[in-house]
Structure formats: structure tokens, C-alpha cells
> 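Submitted below is the structure of interest, expressed as C-alpha cells.
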Amino acid sequence: MSRPDAILDIRDLTAGYNAVPVIRGISLCVGKGEAVALLGANGAGKSTLLRAVSGLLRATEGAVLLSGETITNLAPEKLVRKGLSHVAEGRRIFRRLSVADNLELGLARMGLSSAETARRFEEQYALFPILHEKRKDPAGALSGGQQQMLAIAQALIRRPTVLMLDEPSTGLAPILIEEVFDKMAQIRAQGVSILLVEQVVERALEFVDHAYLIQGGRLIADGPATELKDSSAIRKAYMGDVSIA
Ligand SMILES: Nc1ncnc2c1ncn2[C@@H]1O[C@H](COP(=O)(O)OP(=O)(O)OP(=O)(O)O)[C@@H](O)[C@H]1O
Ligand SMILES: [Mg+2]
């Protein structure tokens with residue numbers, strides 16, 4: 001399953017809560033500049049997998065490699081410095097802080113010079129002009145879509161090699177979902193590898209190169225997005241749950 005060109009290489013990972021495994025023996029690869037989707041119904045274990053990869057949750061078995069280096073169970077701050085950024089479920093921004101201060105938090109403890117910090121801000125403001133416009137406003141005053149952009153920018157300002165996004169389109173109107181996908185395409189065009197958890201399955205499969213499907217914490221299918229689109233596994237995994245129309 002591992003590939004020589006993998007940037008993120010997850011091998012037989014098992015993790016859970018209170019010693020009860022939720023995900024079991026999951027292997028998944030993301031290549032350089034590749035976008036990969038992690039799909040599955042509610043409660044399948046998608047967020048648990050991302051948490052175990054980003055050090056928020058202890059993996060009890062298996063390994064995670066980033067650019068060939070074993071990073072299993074390293075502390076989240078260490079992983080961030082190594083180039084792995086995770087935009088968690090929900091919009092984890094500080095509502096009372098300004099947009100600019102939220103971005104600054106993304107750079108906490110990175111020890112960058114002020115010139116480099118300014119450069120990083122400029123990059124994010126170029127990608128998300130609305131954040132520049134609203135840089136002095138409290139983050140809580142932003143719309144849902146803008147808050148999601150801020151959460152993504154906060155992760156991106158660290159210049160990750162791999163960006164993991166957990167349901168970035170949740171709760172957004174269709175036009176804003178499109179905007180999120182448009183930004184993700186730009187991010188990927190800059191060479192960042194993306195691991196995307198997404199409920200809007202059809203749209204996700206249009207965007208990614210490869211997709212993995214999990215059910216009950218286990219990998220049940222994976223393949224090129226174009227092939228998975230028509231697979232019965234997808235329909236089965238989501239039966240009675242999420243509409244994929
Ligand atoms: N903090 C926790 N403590 C105990 N069990 C948890 C915890 N978080 C999640 N679980 C359980 O782990 C399983 C997988 O949850 P997870 O959040 O990973 O699913 P998911 O695929 O991300 O679902 P969703 O699409 O709803 O976000 C579920 O059965 C859930 O109840
Ligand atoms: Mg989840």
C-alpha cells in the first residue's frame with residue numbers, strides 16, 4: 001500500500017478513545033501535490049483518523065510517516081513544525097480576537113522574523129482578500145464561510161507540506177462550498193498535498209485524485225476518484241445516511 005512518492009504515509013493505524021479502538025488498521029497515502037479524500041458516513045471514524053495523525057489522539061498501533069520520517073504520536077506542535085497542518089472539524093477560531101490576531105496565532109512558537117511574518121501574512125491576504133479587508137474585525141463577526149477561510153488561512157500560514165481539512169464545507173451555502181473548493185484548488189496548485197474529509201461526496205470526488213472509504217473504522221475501498229464515483233461501495237457506505245445525489 002505504501003508508495004515511494006508518498007508525502008503522508010499512514011500504515012495500519014489503530015486509535016480510539018479510552019482504550020477502545022475506533023479506527024482499526026487503516027493505511028492511506030497522500031503523494032506530493034496530490035489531493036486525497038477520506039470518505040465515510042457519520043461516525044465512521046474520519047475525524048478520529050485525522051486526530052491520530054496530527055497527534056491529538058494517541059495511535060495504539062501502526063505508524064505515520066511524513067516525507068519518509070516516522071512521526072507517529074509526536075506532539076501536535078512538533079508535527080506542525082514538520083509541515084503537517086490540521087484544520088479541525090468546526091471552526092476553531094477565537095471569535096473575540098481580530099482576524100489578524102487569529103492568523104498570528106497560526107505562527108505561534110515558530111520563531112519567524114518580523115519580515116518573514118509579514119511575508120506569510122501577505123501570502124494569506126493574497127489568497128483570501130476578504131481576510132485582508134476584515135483584518136481588524138473580530139473573527140466572530142465574520143460569516144460562516146469567512147470563518148472557514150480564516151481557519152484554513154491559520155493552518156496555511158505555517159506553509160505546511162500536507163494540509164488536512166475536516167469537513168470544511170459543513171454548514172455553508174452551495175455558493176460558499178464552491179468557494180472553499182476553489183481555494184483548495186489554488187492551495188493544491190501551490191504544491192500543498194491535501195487530505196480532505198468531506199460530506200459533499202460528489203464534489204469531493206470531482207476535486208481529488210484518489211479517495212479512501214471507511215466504514216465502522218475500517219477501510220472498505222479505495223481507488224482513483226473517477227472509479228470510486230461509480231462504485232457500489234460508496235452507495236452502500238452512505239445508505240440511509242448522506243445523500244450523494
Ligand atoms: N471524544 C470521544 N470519546 C469517545 N468516543 C468518541 C469521541 N469522539 C468520537 N467518538 C466515537 O468514535 C466514533 C467515530 O467518530 P468520528 O468523530 O471519528 O467520526 P466521523 O467519521 O468523523 O463522523 P462525522 O461525519 O459525524 O464527523 C463514533 O462512534 C464516535 O461516537
Ligand atoms: Mg468527523
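Atoms within a ligand are numbered from 1 in the order they appear, just like the ligands themselves. Quick note: numbers below take in every heavy atom, side chains included, and nothing from hydrogens, waters or symmetry partners.
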> With no hydrogens and no angle check, is any side-chain donor or acceptor of Lys46 less than 3.5 Å from a backbone partner on Gly40?
yes
> Mind running salt bridge (Lys or Arg N to Asp or Glu O under 4.0 Å) on Arg135 and Asp137 for me, showing each step along the way?
CA-CA 6 Å; Arg135 63 193 180 281; Asp137 294 359; over 6 Å; no
> With 2.8 Å as the limit, jot down which protein N, O or S atoms are around the Mg ion (ligand 2).
Ser47 OG, Glu89 OE2
> Using side-chain hydrogen bond (donor to acceptor under 3.5 Å, both in side chains) as the criterion, list what pairs up with Glu227, not counting sequence neighbours.
none
> Under 3.5 Å, side chain of Tyr125 to main-chain N/O of Arg120, donor-acceptor pair present?
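Pair absent, no side-chain N/O of Tyr125 close to backbone of Arg120.
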> Identify every side-chain donor-acceptor pair in residues 70-80 under 3.5 Å, counting partners at least two apart or on other chains, and give the distances.
residue : atom : partner : partner atom : Å
Thr72   : OG1  : Val64   : N            : 3.1
Asn73   : OD1  : Ala59   : N            : 2.7
Asn73   : ND2  : Ala59   : O            : 3.0

> Do the side chains of Glu123 and Arg159 get close enough for a salt bridge, i.e. N-O under 4.0 angstrom?
yes
> Non-hydrogen atoms closer than 4.0 Å to ligand 1: which protein residues do they belong to? List them by chain and number, please.
Tyr17, Val22, Ala41, Asn42, Gly43, Ala44, Gly45, Lys46, Ser47, Thr48, Arg51, Glu89, Glu167, Gln199
> Could you tell me whether a side-chain N or O of Lys229 sits under 3.5 Å from a main-chain N or O of Leu205, the two making a donor and an acceptor?
no
> What I want to find out is whether Asp166 reaches Arg92 closely enough, with some N-O distance under 4.0 Å, to be called a salt bridge.
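Salt bridge flag = no for Arg92 with Asp166.
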> Spell out, as yes or no, whether a donor-acceptor pair under 3.5 Å connects the side chain of Arg158 to the backbone of Ala108.
no
